[in-house]
Amino acid sequence: MRDQPRLFITGGSSYLGQHLVPLAVQAGWRVTYSYFSHDPLAQELDKTDATAIQLDLRDNTAVSRAIATHQPQAIIHLAGSNRTPDMTAVITEGAKHIAHAAQSQQSRLIHLSTDVIFDGQNAPYEDTAVASPLHEYGRAKADAEIIIQAEIQNHLIIRTSLIYGLHRMDRGLEWITSALNRGEIVTLFDNQWRNPVWVMTLAHACLELASREDVRGLLNIAGNQAVTRAELGLKLLDWWQFPAEKRHTLRIAPAPPSAAWPPDTRLQIAKAAQLLQTPLVGLDEVLAQARQ
């Protein structure tokens, strides 16, 4: 046990966290993960597999104490929901506190960012492209990147895209299917382009990079296939065999010019593809492999 590398994952309750924590345990890490109010992994993991702690990342003292207690060699910072009323504080204060604690313990920090720090007017975006956010969530994530860069040298900021899975619905698809089941109109935009990433691709890449201290700075990690939001939604509805008779309120249409979300945030991923052993597979390839 003493020889196991120690890993701390914030946001173990997130969609990515629920896949990353068990994968890290299987890979031989001694894992501690945090959650804010609910731990969906409590029934899935044996208590000897990983240590779960309730943690409010806005509490600097609590964050510092948690990192000092568990002394991780690496921290993967996933926490930062866009669904909370105090979203900006959770994202920016959380980034500052976890970066400060990581620096104090000389831990490597991997921070998960997003493609929606861009305005969608200059795709495909290079790894070092300057942020140009359109909305509060994008601004908060862009500010968090600046904080991480200022607070700790041994850091890697991963910019990624829409995360999906094939064994557990992502939260966006959960919302779509729930709304359709209620007979509500759901519009999927056919003019917003992204590079969706399979959750297992991203989880494997995060673990691979946790011990790659030679890789620092900014790195785009996403699937190698660009699709519209509509294509992604329809392909995943088909994968989950969502009934055709319940799709009568589903609409496919272009997003209006006033839409708050950027139209095209495709990412250049050549650098990550060269660095990683983890293949950055696209949506169609992932679905085809899963159907075999």
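- Put simply, W29 and V215 are part of the same group of oily side chains (I, L, V, M, F, W, Y) that touch within less than 4.5 Å, one to the next.
- The shortest side-chain heavy-atom distance between K271 and L219 falls under the 4.5 Å cut-off.
- Between atom CD1 of residue I148 and atom NZ of residue K96 there is a gap of 11.5 Å, rounded to the nearest 0.5 Å.
- Panel note: side chain Q192, backbone T228; no donor-acceptor pair is recorded below 3.5 Å.
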F36 vs Q54, side chain to side chain contact (heavy atoms under 4.5 Å, CB included): CA-CA, chis, key distance, verdict: CA-CA 5 Å; F36 177 61; Q54 190 170 13; 6.0 Å; no
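- Of the candidates T114, D127, L218, R159 forms a side chain to side chain contact (heavy atoms under 4.5 Å, CB included) with just one, namely L218.
- In this structure, the side chain of Q18 engages the main chain of S13 through a donor-acceptor pair within 3.5 Å.
- Using a distance-only test at 3.5 Å, with no hydrogens or angles considered, no donor-acceptor pair links the side chain of R139 to the main chain of T88.
- One finds a salt bridge joining D238 and R247 here, because a Lys/Arg side-chain nitrogen approaches an Asp/Glu carboxylate oxygen to under 4.0 Å.
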Take D56 and V90 through the test side chain to side chain contact (heavy atoms under 4.5 Å, CB included) and record every step on the way to the result. CA-CA 8 Å; D56 184 344; V90 171; 5.8 Å; no
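- Annotation: E126, atom CD; neighbour count of heavy atoms from other residues, nucleotides and ligands within 6.0 Å does not exceed 12.
- For the 3.5 Å distance criterion, the side chains of N181 and K246 qualify, holding a donor opposite an acceptor.
- Paired with I221 under the rule side chain to side chain contact (heavy atoms under 4.5 Å, CB included), one option of L202, L275, I269 passes, and it is L202.
- Nearest heavy-atom pair across A102 and L109 is CB-CB, 4.3 Å.
- Note: Y137 and H135 have parallel aromatic rings, judged against thresholds of 30 and 60 degrees for the angle between ring planes.
- Shortest non-hydrogen contact noted between G165 and W198 is CA-CD1, 4.1 Å.
- Between I117 atom CD1 and L134 atom CG the span is 11.5 Å, to the nearest 0.5 Å.
- When only modelled atom types and interatomic distance are considered, T265 and R194 share a side-chain donor-acceptor pair under 3.5 Å.
- Here the side chain of N195 pairs no donor or acceptor atom with the backbone of N224 at under 3.5 angstrom.
- W175 is listed as a side-chain neighbour of V186, based on a closest heavy-atom distance under 4.5 Å.
- Side-chain contact between H70 and Q105 is absent, with no heavy atoms from C-beta onward closer than 4.5 Å.
- Here the side chains of L180 and F242 are in contact, with some heavy-atom distance below 4.5 Å.
- Residues L156 and I147 are members of separate hydrophobic clusters, defined by side-chain heavy-atom contacts under 4.5 angstrom among Ile, Leu, Val, Met, Phe, Trp and Tyr.
- Under the 4.5 Å side-chain heavy-atom criterion for Ile, Leu, Val, Met, Phe, Trp and Tyr, L20 and V25 are members of the same hydrophobic cluster.
- Remark: the backbone N or O of R212 is paired with a side-chain donor or acceptor of R108 at under 3.5 angstrom.
- One distance of note links CG of L267 with CG of L280; it measures 11.0 Å at 0.5 Å rounding.
- Residue R266 qualifies as enclosed at atom CZ: its count of foreign heavy atoms under 6.0 Å is above 12.
- Atom-to-atom distance recorded for E208:CD and Q277:CD is 5.0 Å, nearest 0.5 angstrom.
- At a threshold of 4.5 Å between non-hydrogen side-chain atoms, the residues I163 and D170 do not count as touching.
- One finds the SG atom of C206 at 5.5 Å from the CG atom of L16 (value rounded to the nearest 0.5 Å).
- For the pair W193 and A226, the tightest heavy-atom approach, listed with the atom from each and the gap, is CZ3-O, 3.8 Å.
- The two residues I76 and A210 make their nearest non-hydrogen contact at CD1-CB, 4.5 Å.
- A donor and an acceptor atom, one from each side chain of Q149 and E145, are nowhere located under 3.5 Å apart.
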I would like to know whether S161 and D115 meet side-chain hydrogen bond (donor to acceptor under 3.5 Å, both in side chains); could you show each step before the answer? CA-CA 5 Å; S161 189; D115 56 356; 2.8 Å; yes
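- A parallel orientation is assigned to the rings of F118 and Y125, their planes being inclined by less than 30° (bins at 30° and 60°).
- Judged purely by atom type and a 3.5 angstrom limit, R6 uses its side chain to pair as donor or acceptor with the backbone of Q71.
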Walk me through whether M200 and L166 qualify under side chain to side chain contact (heavy atoms under 4.5 Å, CB included). CA-CA 9 Å; M200 297 309 297; L166 304 183; over 6 Å; no
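- When the options L234, T187, I185 are evaluated for a side chain to side chain contact (heavy atoms under 4.5 Å, CB included) with L250, the one that passes is L234.
- A heavy-atom distance below 4.5 Å is not found between the side chains of L57 and E93.
- Residues P263 and Q121 are in side-chain contact: their nearest non-hydrogen atoms beyond the backbone lie under 4.5 Å apart.
- Hydrophobic cluster membership is shared by V286 and V227, with clusters built from Ile, Leu, Val, Met, Phe, Trp and Tyr side chains linked at under 4.5 angstrom.
- Closest non-hydrogen pair, G11 versus L78, comes out as O-CD1, 4.1 Å.
- For the atom pair CG (N220) and CD1 (I157), the distance works out to 11.5 Å, reported to the nearest 0.5 Å.
- The hydrophobic clustering, which links ILVMFWY residues whose side-chain heavy atoms are closer than 4.5 Å, places F189 and L173 apart.
- Side-chain N or O atoms of Q225 include one that pairs as donor or acceptor with a backbone N or O of L283 at under 3.5 Å.
- Here the side chains of V116 and W261 are in contact, with some heavy-atom distance below 4.5 Å.
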Could you walk me through whether E151 and Q103 pass the side chain to side chain contact (heavy atoms under 4.5 Å, CB included) test, one step at a time? CA-CA 7 Å; E151 290 283 338; Q103 179 65 21; 5.9 Å; no
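- The two atoms that bring H77 and T10 nearest to each other are ND1-OG1, 2.7 Å, heavy atoms only.
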